[in-house]
Amino acid sequence: MSERRKQFPFDEFEPKWQARWETEKTFSVPNPGDPGFDASKPKFFVLDMFPYPSGAGLHVGHPEGYTATDIIARYRRMRGDNVLHPMGWDAFGLPAEEHARKTGEHPRLNTENNVNNFRRQLKRLGFAYDWDREVNTTDPGYVRWTQWIFLQLYNSYFDEATQKARPISELEAQDLGRDEIDAKRLAYVAEAPVNWCPDLGTVLANEEVEEWRAKGHAVERRPLKQWMLRITAYAQRLIDELDGLDWPEGIKLLQKNWIGRSEGALVDFAIGGEKVTVFTTRPDTLFGATYMVLAPEHPLVDRITTPEQKDAVEAYRRACAAKSDLERTDLAKGKTGVFTGGTATNPVNGEEIPVWIADYVMMSYGTGAIMAVPAHDERDYEFATQFGIPVIEVVQAPEGSTDTCFTGDGIAVNSGFLDGLPTPEVKARIIAWLEEKGLGTKTVNYKLRDWLFSRQRYWGEPFPIVWKDGRHEAIPESELPLLAPELEDYKPSGSPEPILSKAAAWVDLGNGVARETNTMPQWAGSCWYYLRYCDARNADRFMGKEAEAYWLAKNGKPGGVDLYVGGTEHAVLHLLYARFWHKVLFDLGHVSTPEPFQKLVNQGLILGEDGQKMSKSRGNVVNPDDVVAEYGADSLRLYEMFMGPLEQVKPWSMKGVEGVYRFLARVWRLVMETNQEGEWVLNAKLADTEPDKGTDKVVHATIKKVGEDIESMSFNTAISQMMVSTNELTKLERVPVSSVALLLQVLNPFAPHLTEELNATLAAAFPSLDAGELANRLWPVYDPAKLIEDEIEIVLQVNGKVRDKLFVANGAPNEEVETLALASEKVRSFTEGLTVRKVIVVPGRLVNVVAN
RNA sequence: GCCGACGUGGCGGAAUGGUAGACGCUGCGGACUUAAAAUCCGCUGAGCCUCGCUCGUACGGGUUCGAGUCCCGUCGUCGGUACCA
């Protein structure tokens, strides 16, 4: 784009103010005990989801949430709060490691470059971060405490009775063996099927598999020994404790569905001498179970398969093992399965039913075995009809139901002692019956799985664990942080052995002691970064007790982070993992609130100008640096807030950026004009005069609305109100400086550079302004008296349609307004020949004459 | 399939059950200028018999003096999730 004259010299004053904020540490906030700390001020902790510093640099999506929180932070600061508004880097991750593999450089170098670029870009946008609290998840001083928190998990177990984590030392004091103790730890080792990617030389998280497959890498399932975190122990609390949180209901629901609680029963079926337990949410349909299905991986399959069926079963299991999860869950292909030759005894009626294996039953959910009731389960129905298995109706559908397979509640039939009873009661009775006979129990099952916590990567936190005689053991806290050694090269080993196993000297500690070579996933660092901000330089604890007590204080609310803003992509995993860690720390007495994030707001995605998701391949990516260069940081900030509601998905528009740029130029020209030489000088229209009534009204209405809109995060309407008042002030022949100064105050959180610059100019030219809330940069207080109108416009309707308008004195009695309305010529012409049935007067608003 | 969010001008969007379209963009006309840019002013939902009237917030019903807003149903878009027994 061709260089053209800037409408105001943002390129001069923006860097100037940024430099000043940096050298004066304007936005650094003291902790309890620090000089200048004022305990009487309320705290406000406003948090952004910290970025992964990718090589691509800042995306326009980042400043959306960051500007929103910055406005809130600056506003709360003007209101007199101690505001904690920090930023940091989620800097471990695969891209930096991939870069290291290609270049042979240590991933730290690439990470540092990217962090420096991100920091530069963010500083250019003028965010009021306390940079003294910057954290980086890859810093040894940070890794140390991530590993320390891992050890808290490792050294704890979940006490079912109190539903809380307790120190493992309590078990050691009892007479438990080491195996029993290890089996109870919140961090434990288990053999688990993982997504192994040979090219990358690492295991991938489920949600990463598709991404790398799309790039042409093979990913296969392999059972490997893995570290797991016992998040399932917290399933119920993770559901229940959502209740008090000020989060979008949709996100709460998403988490609840992810955890997936379902109530049902475990029922024992006998197969020969063996026992198979199934999980069902419909124990009331037990009489309708006509077959049983085991997951192909079920351990009992080998023992119950008859010799005649052995070949078919083996072939089927091999076919399943080769399938990816995606292929296996492809619904469109219909059901497959093989008869094992064995039968199971239905405990309720002694019927022998065939036992099948089929991949529509997952080993990872419930018990990996189901009783199939084709009459009342659509999947079982599809399978049974395909394989010619009988269907027995045991729940009578209500009158009028046309479902071929009825899955709702009804009345029990063909169910012996349960016939005639409604479904909920049948459930209760059958469970009581099973429990009495010792054949089953009521139970609650969750979809949530324990968290697979180990990766075979280099660029992550090593586990603070050593192995001795086949057993794991924590290293002493004094040895933290445990950092990964430098490697000759960062290429994968090609085997599922973690990369760190290549560092033989680091791994082998002699005397048969070897280091754990797995590393932690990227989630580890992001699980607790918000805590570290509270006391980022503490060398003795993950955070100091005083800092914890102050910054997470409840202050009459549930406490924790007061406002957390970020994208929906973290609705489940990050937010669930962080809640889990926080609860463990809470149980162990390290933090004083059970939940980390009191209020959560999701910003909506910003699309390209074409309405498509921004991507390099579509060529619709907007680079914030370019926008800042052409229109300034204030314009970018303001535009992103003016686009529409924060939570909404919305397309970018360069024309829209120009619109807010023009608005800021108008504000600039309220204060400045160019002289003959083309230099910016004070606008001669500015006068130290009393504003007239109309001017006062619009300015005070703006103070009120902008304040309310910031509180409700309706930034777009706040900006439009400031546009209205700017347009009003621009029209004046003599512009009262006090009115301009008030406008600049409320605009300050949105466009801090421009307003600071103009404020400084005004204060120098009009010393009278240099007093009170304006001089102290406090949020102005509006005067309600100035909002009151002498005359109010009343809309006159006939049968709900607007026919006329009229001005009445503010506070005129309803009778008077009604008389005036009925006297209106327009109203009379529209009621001519009709009878007035009713007159509705809404004080200060309208009159509706009902006539027919 | 299930769960969730949302359907308002040419576009982004605004409207405690009370004047639909604030504010911004686009477009058109005008002022300034030798000219252009920038700036400033006016108009900009549709239709008509253009004083003014009628229609209009995805569609069909309902509640109400009054519905974009509340209720029921339908269609559509987006997001999440998926054989979870």
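Values in this document were obtained by computation on a predicted structure and should not be read as measured data. We use all heavy atoms of the structure for the numbers below, so side chains are in, but hydrogens, waters and symmetry mates are not. A note on names: the letters A, B, ... follow the listed sequences, proteins ahead of strands, and every chain is numbered from 1.
Among the heavy atoms of the strands, none lies under 4.0 Å from A/Glu378. A/Tyr381 comes within 4.0 angstrom of no nucleic acid atom, judged by non-hydrogen atoms across all strands. Across all strands shown, A/Leu254 has heavy atoms under 4.0 Å from sugar-phosphate atoms exclusively, and none from any base. In this structure, A/Ser364 reaches neither bases nor backbone, as no heavy-atom distance under 4.0 Å exists between it and the strands shown. Nucleic acid contact class of A/Lys805 (heavy atoms, under 4.0 Å, all strands): base. Residue A/Arg666 is in sugar-phosphate contact alone, with no base atom involved, counting any heavy-atom pair closer than 4.0 Å across all strands shown.
Atom CE in A/Met363 sits roughly 14 Å away from atom C1' in B/A85 (whole-Å rounding). The separation between A/Met292 atom CE and B/A85 atom P is 17 Å, rounded to whole Å. Distance A/Leu286 CG to B/A85 C1': 14 Å, rounded to the nearest Å. In this structure, A/Lys447 places its NZ atom 8 Å from C1' of B/A82, rounding to the nearest Å. A/Lys826 has its NZ atom 12 Å from the C1' atom of B/C53, to the nearest Å. In this structure, A/Trp258 places its CH2 atom 21 Å from P of B/C2, rounding to the nearest Å. Rounded to an integer number of Å, the gap from A/Leu576 CG to B/U81 P is 13 Å. Going from atom CH2 of A/Trp668 over to atom C1' of B/U39 covers 17 Å, rounded to whole Å.
When only modelled atom types and interatomic distance are considered, A/Ser262 and A/Tyr365 share a side-chain donor-acceptor pair under 3.5 Å. The closest side-chain donor-acceptor pair between A/Tyr631 and A/Glu658 falls under 3.5 angstrom. Side-chain N/O atoms of A/Ser653 and A/Tyr639 include no donor and acceptor closer than 3.5 Å. Under the 3.5 Å distance criterion, with hydrogens and angles disregarded, no donor-acceptor pair is assigned to the side chains of A/Asn445 and A/Arg261. In the model, A/Thr568 has no side-chain atom that pairs as donor or acceptor with a side-chain atom of A/Asn602 under 3.5 Å.
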Subject >> Per-nucleotide protein contact string for nucleotides 11-18 of chain B, where B marks a base within reach and S marks sugar-phosphate only (heavy atoms under 4.0 Å, - for neither) >> reply: -BSS-B-B

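Of the nucleotides present, none pairs with B/C83 by Watson-Crick or G-U wobble criteria with both distances under 3.5 Å. Across all strands shown, B/G10 is found opposite B/C25 as a Watson-Crick or G-U wobble partner, with both distances under 3.5 Å. When Watson-Crick and G-U wobble pairs are counted only if both distances are under 3.5 Å, B/A5 pairs with B/U77. The nucleotide B/G56 finds no pairing partner, because no Watson-Crick or G-U wobble arrangement with both distances shorter than 3.5 Å includes it.
Between B/C28 and B/G60, the two P atoms lie 35 Å apart (nearest whole Å). When the P atom is compared between B/G17 and B/G12, the two are found 25 Å apart, to the nearest whole Å. For the C1' atoms, the distance from B/G62 to B/A46 is 27 Å, rounded to whole Å. For B/U8 and B/U77, the P atoms lie 14 Å apart once the distance is rounded to whole Å. For the P atoms, the distance from B/C48 to B/C32 is 36 Å, rounded to whole Å. Comparing the same atom, P, in B/G29 and in B/U50 gives a spacing of 24 Å after rounding to whole Å. Separating the C1' atom of B/G24 from that of B/C70 is a span of 31 Å, rounded to the nearest Å. Distance noted for atom C1' between B/A67 and B/G30: 41 Å (whole Å).
Of all nucleotides listed (B/C53, B/G4, B/U19), B/U19 comes nearest to the side chain of A/Val802. Checking B/A38, B/U19, B/C83 against every side-chain atom of A/Lys335, the shortest atom distance belongs to B/C83. Closest approach to the A/Leu253 side chain among B/C53, B/G4, B/U19 is made by B/G4 (side chain taken as heavy atoms from C-beta onward).
Remark: A/Lys650 engages A/Glu64 in a salt bridge, criterion side-chain N to carboxylate O under 4.0 Å. A salt bridge between A/Lys697 and A/Glu789 is present, with a side-chain N of the basic residue lying under 4.0 Å from a carboxylate O of the acidic one. Looking at A/Lys252 and A/Glu249, a side-chain N of the basic residue comes within less than 4.0 Å of a carboxylate O on the acidic one, giving a salt bridge. Salt bridge A/Arg669/A/Glu673: absent, no basic N to carboxylate O contact under 4.0 Å.
The two residues A/Ser824 and A/Asp804 make their nearest non-hydrogen contact at OG-OD2, 2.9 Å. Of all heavy-atom pairs between A/Tyr381 and A/Pro374, the closest is CB-O, 3.2 Å.
Base orientation of B/G13: anti, since the glycosidic angle falls outside 90° of 0.
The phosphate of B/U64 has neither OP1 nor OP2 within less than 4.0 Å of any side-chain N or O from A/Lys838. Of the side-chain N and O atoms in A/Arg803, none sit less than 4.0 angstrom from OP1 or OP2 of B/U19.
Distance CD/A/Glu640 to CD/A/Gln603: 9.0 Å, rounded to 0.5 Å.
Not less than 6.0 angstrom separates the ring centroid of A/Trp680 from the ring centroid of A/Phe8.
Within the cation-pi definition used here (under 6.0 Å to the ring centroid, within 45° of the axis), A/Lys335 qualifies as a partner of A/Tyr360.
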N/O contacts under 3.5 Å, protein versus nucleotides 25-31 of chain B?
{"from": "B/C25", "atom 1": "OP1", "to": "A/Arg662", "atom 2": "NE", "distance (Å)": "3.0"}
{"from": "B/C25", "atom 1": "OP1", "to": "A/Arg662", "atom 2": "NH2", "distance (Å)": "2.8"}
{"from": "B/U26", "atom 1": "OP2", "to": "A/Arg662", "atom 2": "NH2", "distance (Å)": "3.4"}

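Scanning residues 718-729 of chain A for heavy-atom distances under 4.0 Å to RNA chain B yields A/Ser720, A/Met723, A/Val724, A/Asn727.
Of the residues A/Met641, A/Met643, A/Arg637, the one that meets the side chain to side chain contact (heavy atoms under 4.5 Å, CB included) test with A/Phe715 is A/Met641.
For the pair A/Lys731 and A/Thr568, both in contact range of RNA chain B, the more 5′-proximal nearest nucleotide belongs to A/Lys731.
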